[in-house]
Structures are given as structure tokens and as C-alpha cells.
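Here the structure is laid out as C-alpha cells; the discussion comes afterwards.
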Amino acid sequence: GARAVATRLIAEAEANANARARFAGRYLLQTLANLPVIAREGDTAALDGLFAGRPAVVVGAGPSLDDNLPTLAALQDRAVVIGVDTALRPLLAGGVQPHLTAAVDPAELNAQHLAGVGGLDDIWLAAEGSLHPSAFGGFAGRTFVFKVSDHEPWPWLRTVGLDRGGLRAWGSVVTSAFDLAQRLGCNPIVCAGLDLSYPVRRPYCANTIYDDTWRAAMATYGCTWEALVDDYFGRLADLRVPDLHGAPVLTTPHLVSFRDWLRQQIAADPSRRVVNATGAGIMHGPRLAQASLAEALEAAPSLGREVPDALRAAHAASLSRDHKLRPAVAGLVRHAKRPRAAQLVARWTEFAAGKVSAAQILDELSAVLPSLT
């Protein structure tokens, strides 16, 4: 058992080091670009315990979500609905308006799940501070910012009176959405669309941004959907693990690792009931109940306006009004060559593993300065 734990910890450390080398520059520059949003939006820490004892549904974009949507649409008022960013468009297309959408991936492609979407007036965003800036436009005044670690520039932001609570992101936005449900105090937590495998020959449910990509590929190459799917799955190793019915199902090592992380959290908290209502896939294990959405939610009373009203109040209460961000940024830009400012910028470039220069950092700070109040 000790060897297994040590092996996992080493693998996690190596994965974190590799991720830092690849993405630290993007984390840093995009967090700096988002400083106006971080300063004027809410703190995810304000959500802790907000819905204690209320049911939550954590929604992924696995292929089984297509089957889950009709029941979820009928019962969505019985729970706090937390969707991952990939699932936002499918949920809306299926008549479900999530209360919260969680987003953690800083890639520009990932921001397309959130950008340009209509009908967001009552949907709130729980966003890591390094998201691509285009992700925030539809959620102005309805965003709770979090961080996944105390990476740069958060230690400096804390010195100027601006900090945000954390959510865990063990390689996937699914883990952050589940952690958010835990922090909200929700009980039970019901999972839907969390196949974490490929029970049918489709990577995601319908109506994600990838549908347009696949249609364009078929038009460009003159291939059928079947040929496109054959190519997609032909690139995956043939890893099969038992699904919740005991039958082997195709998956990947990283999807299995997400499942294992979730199982660890469930096992560590016997006070909270977790129900998998996905109906397929590999989400099974000790203390993880299997039931349909109807079985999990039908007996729960309607929450009415409780959720949006509480989110609005928590957002207003968590706004940072006494930070010193603008003068601090102005001072860095104006006095960049002075020892203290130069040391801070050097620390940031070191964090970015050489992928970002001091000039790029100062250019980003100069660009956001007019938007800071």
C-alpha cells in the first residue's frame, strides 16, 4: 500500500512539473490579462457551505449525457446544477440551465465552450484566474474566481489585498466541479454524464463545440462519420476496464486517473452520499451508489429561487473593495528597473520556465492598467 501511494505521489509530482514547464507562461500572462476581471468579480471562497444539505448534480459532457438530459431537464429545480464548461452548450440545448459552470483549462480552444453562448443571464461561472480572457465575456457580474494552486502571480496579488479561494483540479475540470459541489456543502452529490470512458463510439455528447469541428473535417476530407470515428479511436491505446455493469469498456489512463481521484474523495468523506446517475461508464466503487436521476432527485423538494438568489448575495458580499491593485500595477510598470520590481518580474519569469520574458510581462501589465479601477 505504501509503495502504491509513493508511486502515485511521484507520478503526480512529475505531471505537475511537466505541466508547469508547458503551461506556466500561459498561466502567468493570462492571469495578468485577467486582473480587471479578478479585481471586480467574486471570490469562490464565498461559496463554502452555501448550499449545505442541498442536492447537487455534477454534469460532465460524456456521451451518456444525451440520455440523461430529458430527466435532468424535468428535475433541474430539485438540485444545484453544476456543469463543466464542455457541457454548457449541450445542457442549454437540452433545456437545462445550470446554476454554475466550472472552467479551469486556460487553452483558447477551451474558452470556446463559453464564448458566444446566449441565454446565460442566470448562469454563474466558477473560473480559474488563468482562463483565456475570451471566456469571461458572457458572465460579467456573475463570476466567482478561484485558483488551483498558489502559483505566480497569486503571492504578489495577496500582498496588494487581492486573493481568491482554491479549488482542486486533479487534471480535469470534472474534479474541480466535484470539489466545488463539496465546498458548497451539497449532499447528496449526483453525477451525470461522467462516463470517463467510451461506452459508445462517440468521444462526447452531442452539441459540444467539437460537433462543428467534426462536420468541417468530414467536409474537408470527404469522409463519413464512421471513418472519422474509426480514425479517432484508432489513435487510442486499447485500454479496457470494467464498467459499472462489469463489462469491459474502452477508456484512457488519464480518464481512469480522474475516476480514481473521485473515488478517493468519496471514500474520504463518509458523511456525504454520492450517486452516479450516468448509467454507463466506469464511475463505480466503494460508497458510490448507482441510481437513475429520477431515483436520486424525485423526492427532493424544489429549490425555487434559492440558488440564484444565494449566489447573487454571495457574489456581492465577496467583492474586493479595498485592494491596492491599480497603484501596485502602475508602480511595477513605472519603476520596472528598480530592484524590488525587477526582482518580482524575475521571479515570475523563473516560474514561467523561460517561456515568458520580462518585456512580455510589462507589456501585459501596461495593457490592463487602463481597465483597473
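All values below come from the heavy atoms of this structure, side chains included, with hydrogens, waters and symmetry mates left out.
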Leu120 versus Thr101: any side-chain heavy-atom pair under 4.5 Å?
no
Under 4.5 Å between any side-chain heavy atoms of Ile189 and Ile82, yes or no?
no
Find the distance between OG1 (Thr213) and CE (Met218) and round it off to the nearest 0.5 Å.
10.5 Å
Would you say Val174 ends up clustered with Val80 if hydrophobic residues are merged whenever their side chains have heavy atoms under 4.5 Å apart, either directly or through other cluster members?
yes
Provide the closest heavy-atom pair for Cys205 versus Gly62 in the form atom of the first, atom of the second, distance.
CB-O, 3.3 Å
Distance (rounded to the nearest 0.5 Å) between Gln265 CD and Asp260 CG:
11.0 Å
Who pairs with Arg183 by side chain to side chain donor-acceptor pair (under 3.5 Å), at least two apart in sequence or on another chain?
Asp179
Considering only NZ, NE, NH1 and NH2 on the basic side and carboxylate oxygens on the acidic side, decide whether Asp105 and Arg26 come within less than 4.0 Å.
no
Quick one: does any side-chain atom of His245 pair with a main-chain N or O of Ala247 as donor and acceptor, under 3.5 Å?
no
Do Leu32 and Pro153 have side chains that get closer than 4.5 Å, going by heavy atoms?
yes
Residue pair Val329 / Arg326, side-chain heavy-atom distance below 4.5 Å:
no
Could you tell me if the side chain of Phe178 sits less than 4.5 Å from the side chain of Arg168, heavy atoms only?
no
Does one side chain, of Asp195 or Ser197, offer a donor that lies under 3.5 Å from an acceptor on the other?
no
Looking at Ser257 and His254, would you say the former's side chain and the latter's main chain have a donor-acceptor pair under 3.5 Å?
yes
Check: His335 side chain, Arg340 main-chain N or O, donor-acceptor pair, under 3.5 Å:
no
When rounded to the nearest 0.5 angstrom, what distance separates CD1 in Ile38 from CZ in Phe136?
7.0 Å
Do the charged groups of Arg89 and Asp211 touch, with an N to O distance under 4.0 Å?
no
How close do Val84 and Ala61 get, heavy atom to heavy atom, and via which atoms?
CG2-N, 4.2 Å
What closest approach, in Å, do Arg259 and Ile282 show between heavy atoms, and which atom pair accounts for it?
NH1-O, 2.9 Å
Side chains of Arg202 and Tyr210: closer than 4.5 Å at any heavy-atom pair?
no
Going hydrophobic residue to hydrophobic residue with side-chain gaps under 4.5 angstrom, can you get from Val104 over to Tyr204?
yes
Take Leu239 and Val256 through the side chain to side chain contact (heavy atoms under 4.5 Å, CB included) test and state the conclusion after the steps.
CA-CA 10 Å; Leu239 174 63; Val256 173; 4.3 Å; yes
For Gly171 against Phe258, the heavy-atom pair lying closest together:
O-CZ, 3.2 Å
Got a donor-acceptor contact below 3.5 angstrom from the His315 side chain to the Thr143 backbone?
yes
Side-chain donor-acceptor contact under 3.5 Å, Ser371 with Arg40:
no
Less than 4.5 Å apart, side chain to side chain, heavy atoms only: is that true for Gln30 and Leu131?
no
Ignoring hydrogens and angles, tell me if any N or O in the side chain of Glu128 forms a donor-acceptor pair with the backbone of Val148 under 3.5 Å.
yes
Transitively linked via ILVMFWY side-chain contacts under 4.5 Å: Val275 with Leu72?
yes
Rounded to the nearest 0.5 Å, what separates atom CD in Glu306 from atom CG in Leu311?
10.0 Å
Taking every non-hydrogen atom, the tightest pair across Ser366 and Val333
OG-CG1, 3.5 Å
Is there a donor-acceptor contact under 3.5 Å from the side chain of Asp85 to the main chain of Asn110?
no
When you check the gap from the basic side-chain N to the acidic O, do Lys147 and Asp163 get nearer than 4.0 Å?
yes
Checking salt bridge (Lys or Arg N to Asp or Glu O under 4.0 Å) for the pair Arg201/Asp230: CA distance, chi angles, key distance, verdict?
CA-CA 9 Å; Arg201 285 174 60 78; Asp230 285 343; 2.2 Å; yes
I would like to know whether Trp154 and Arg164 meet side chain to side chain contact (heavy atoms under 4.5 Å, CB included); could you show each step before the answer?
CA-CA 9 Å; Trp154 288 105; Arg164 293 294 179 259; 3.8 Å; yes
Would Asp150 and Arg158 satisfy side chain to side chain contact (heavy atoms under 4.5 Å, CB included), going step by step from the backbone distance to the final call?
CA-CA 10 Å; Asp150 205 31; Arg158 192 161 48 248; 2.9 Å; yes
Angle between ring planes, Tyr232 versus Tyr198, binned at 30° and 60°: parallel, tilted or perpendicular?
perpendicular
Pairing of Asp121 and Arg142 as salt bridge, 4.0 angstrom limit:
no
Side-chain contact test, heavy atoms from C-beta onward, threshold under 4.5 Å: evaluate it for Val59 versus Asn68 and give yes or no.
no
Under the 3.5 angstrom rule, does the side chain of Ser302 hit a backbone N or O of Gly304 as a donor-acceptor pair?
yes
What are the two closest non-hydrogen atoms of Gly83 and Leu91, and how far apart are they?
CA-CD1, 4.2 Å
Between the CZ atom in Arg287 and the CD1 atom in Ile266, the distance rounded to the nearest 0.5 Å is 8.0 Å
Would Leu288 and Leu262 count as a side chain to side chain contact (heavy atoms under 4.5 Å, CB included) if you check the C-alpha gap in whole Å, the side-chain angles of each, and the deciding distance to 0.1 Å?
CA-CA 10 Å; Leu288 181 52; Leu262 290 168; over 6 Å; no
Distance in Å, Asn34 CG paired with Glu364 CD, rounded so as to fall on 0.5 Å steps
8.5 Å
Side chain of Gln290, backbone of Met283: donor and acceptor closer than 3.5 Å?
yes
